[in-house]
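Remarks on the structure that follows.
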Amino acid sequence: METVAPNSINISLSDKETGLVDSDPAKLDAGALFVLKSKGSWLHCGYHLTTSIVGPVIFSLPFALSLLGWGPGILCITLAALVTFYSYNLLSVVLEHHAQLGNRQLRFRDMAADILGQGWGKYFVGPLQFAICYGAVIASTLLGGQSLKFIYIVYNPNGEMKLYQFITIFGAATLVLAQMPSFHSLRHINLVSLILCLAYSALVTAGSIHIGNSENAPDKDYSINGSQGNRALGAFNAISIISTTYGCGIIPEIQATLATPVKGKMLKGLCICYSVIVTTFFSVAISGYWAFGNEAKGIILTNFAGDDGNPLLPSWFFLITNIFTLLQLIAINVIYLQPTNELFEKWFANTKMDQFSIRNVVPRLIFRSLSVIIATFLAAMLPFFGDILALFGAFGIIPLDFILPMLFYNVTFKPSKQSLIFCINTSIATVSSILVAIGGVASVRQIVLDAKTYSLFANM
């Protein structure tokens with residue numbers, strides 16, 4: 001039998017022939033054994049995928065359209081949907097191929113190490129993935145604190161509580177759910193998350209349509225503001241925003257939660273996820289841009305609040321929307337903590353003892369709690385983290401989601417250089433590499449422009 005990486009599952013030929021491949025606990029480290037349990041169905045996979053992609057970040061899509069205009073904006077959102085669906089399916093196909101060969105890869109860094117070499121997994125993909133996922137936790141914690149603060153202000157306009165206090169409260173809620181033992185144990189939470197994102201997207205869409213048709217409807221101007229140079233940089237910034245919106249840095253880990261045989265299950269899960277994406281992304285983006293035009297703010301809810309301090313919608317609307325958003329953010333936080341949890345489990349747990357033994361529970365409790373506490377502290381300290389996350393999107397999400405899957409497929413299957421799939425993959429990887437450079441410059445520019453408003457522990 002061929003030798004495989006120790007972080008992968010080695011499978012006998014008889015298992016492969018029967019299609020009943022399953023994980024051998026003796027060959028797994030604690031992270032794979034305890035966190036990435038392969039017990040889920042394709043439905044569970046769909047729930048995980050939806051929570052990992054569809055979140056309140058879609059509230060920024062009308063703003064992205066305001067930087068691009070109707071035609072290019074809708075085209076970019078559509079292309080991003082098609083390319084990411086294609087990209088994530090490529091990852092799934094590569095993972096299935098290696099599993100059939102007796103080497104089921106459970107993590108993104110496993111894929112990189114096995115396909116491109118150990119250095120890629122250890123020094124590039126692994127650190128990049130952890131930065132993206134932990135950055136998502138910090139950003140979600142910040143957004144959760146802002147949602148709590150908004151609810152507080154609606155009912156207590158003269159209240160004296162500060163943003164960092166709400167962030168701490170949100171972090172405490174995450175701290176509890178972060179102790180969920182495995183990725184698979186989040187399946188019911190992520191089903192609720194799927195319902196929540198459909199609910200608040202429907203509310204935001206209805207709110208935009210109501211405002212756009214009301215007597216207080218703002219003037220609709222769909223021209224793109226600024227000089228030609230600023231419009232060009234704004235367009236690339238919008239592309240980075242859209243790419244970040246579709247980003248998911250844990251596709252292999254989600255596929256690892258599937259019970260064997262895994263063939264075809266990920267595609268079904270992706271179909272569930274992208275049905276939700278089409279429903280939510282396009283409805284929020286189109287309705288928000290239609291209602292506010294080039295005055296669409298970075299988060300469309302800001303437009304709903306009104307420029308003169310008079311909300312354009314009743315307080316109950318803001319309350320319900322923020323409650324739904326708040327609850328889903330907790331689910332997003334927990335799902336993006338999984339790569340960190342898996343690594344802690346790998347380092348500190350003992351596979352020879354039960355997962356719920358004192359020996360394994362105590363370090364799990366300590367290190368998962370520390371992870372959440374640090375993320376909460378950084379969110380409170382850096383309330384402008386959204387600008388930094390846009391930079392992460394350019395340098396992190398685009399390589400992970402738009403470049404590496406194409407490279408993995410071409411290296412694994414070695415299609416002819418004259419074949420259509422090779423040309424498509426190479427073209428996507430090349431264009432994405434250019435977008436990394438330009439999007440990075442645009443993101444840095446935005447950080448510089450907003451630097452005057454930066455203040456540690458600011459009450460934003």
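Just so you know, these numbers come straight off a predicted model, no measurement behind them.
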Worksheet entry | Any donor-acceptor pair under 3.5 Å from Thr51 side chain to His48 backbone | no
Worksheet item: Can you name the nearest heavy-atom pair linking Val276 to Val54, along with the distance?
Response: CG1-CG2, 4.2 Å
Discussion item. Could you check whether any side-chain N or O of Asp110 sits under 3.5 Å from a backbone N or O of Arg107, counting only pairs where one atom can act as donor and the other as acceptor?
Written reply: yes
Worksheet item: Can you check whether Tyr164's main-chain N or O pairs, donor with acceptor, with Thr168's side chain at less than 3.5 Å?
Response: yes
Discussion item. Pairing donors with acceptors under 3.5 angstrom, does anything connect the side chains of Thr84 and Asp401?
Written reply: no
Worksheet item: Is a donor on one side and an acceptor on the other found under 3.5 Å between the side chain of Ser201 and the backbone of Leu198?
Response: no
Item to complete: Flag the pair Met406 / Leu90 as yes when at least one side-chain heavy-atom distance between them is below 4.5 Å, and no otherwise.
Response: yes
Practice prompt. Please state whether the rings of Phe281 and Tyr246 are parallel, tilted or perpendicular, taking 30° and 60° as the class boundaries.
Written response: tilted
Practice prompt. Mind telling me whether Trp120 and Phe124 have parallel, tilted or perpendicular rings, with 30° and 60° as the class edges?
Written response: perpendicular
Practice prompt. Just do the salt bridge (Lys or Arg N to Asp or Glu O under 4.0 Å) check on Asp114 and Arg104 with the steps written out, would you?
Written response: CA-CA 10 Å; Asp114 290 350; Arg104 187 177 180 187; over 6 Å; no
Fill in: Nearest non-hydrogen partners of Ala331 and Ile189, listed with the distance
CB-CG2, 3.9 Å
Worksheet item: Hey, does the side chain of Ser419 reach the backbone of Pro415 with a donor-acceptor pair shorter than 3.5 angstrom?
Response: no
Discussion item. Any side-chain to backbone donor/acceptor pair from Lys122 onto Gly119? Under 3.5 Å, distance only.
Written reply: no
Worksheet item: Parallel, tilted or perpendicular: which describes the rings of Phe348 and Phe367, with under 30° parallel and over 60° perpendicular?
Response: parallel
Discussion item. Main chain of Gly249, side chain of Gln129: is a donor-acceptor contact present, judged purely on distance under 3.5 Å?
Written reply: yes
Discussion item. Under a 3.5 Å distance rule, please check whether Ser92 uses its side chain to pair with a backbone N or O of Tyr88 as donor and acceptor.
Written reply: no
Worksheet item: For atom CH2 of Trp70, is the number of surrounding heavy atoms from other residues, nucleotides or ligands below 6.0 Å larger than 12?
Response: yes
Worksheet, complete the sentence: Sorted by chain and number, sequence neighbours left out, side chain to side chain contact (heavy atoms under 4.5 Å, CB included) with Val93 holds for Asn89, Tyr409, Phe413
Worksheet item: Does a sphere of radius 6.0 Å around OH in Tyr123 hold more than 12 heavy atoms from other residues, nucleotides or ligands, not counting ones at 6.0 Å or beyond?
Response: no
Worksheet item: Taking Glu253 for the side chain and Phe108 for the main chain, is one N or O donor matched with an acceptor at less than 3.5 Å?
Response: yes
Practice prompt. Would you confirm whether Lys265, through its side chain, and Cys45, through its main-chain N or O, come within 3.5 Å as a donor-acceptor pair?
Written response: no
Practice prompt. Compare every heavy atom of Leu326 with every heavy atom of Ser147, then report the nearest pair and how far apart it is.
Written response: CB-CD1, 4.1 Å
Worksheet item: Is the closest side-chain donor-acceptor distance between Asn294 and Ser66 under 3.5 Å?
Response: no
Discussion item. Pairing donors with acceptors under 3.5 angstrom, does anything connect the side chains of Asn360 and Asp354?
Written reply: no
Worksheet item: Would a 4.5 Å heavy-atom cut-off, applied to side chains only, mark Ile332 and Pro56 as touching?
Response: yes
Worksheet item: Does Arg109 come within less than 4.0 Å of Glu342, counting only side-chain N to carboxylate O?
Response: yes
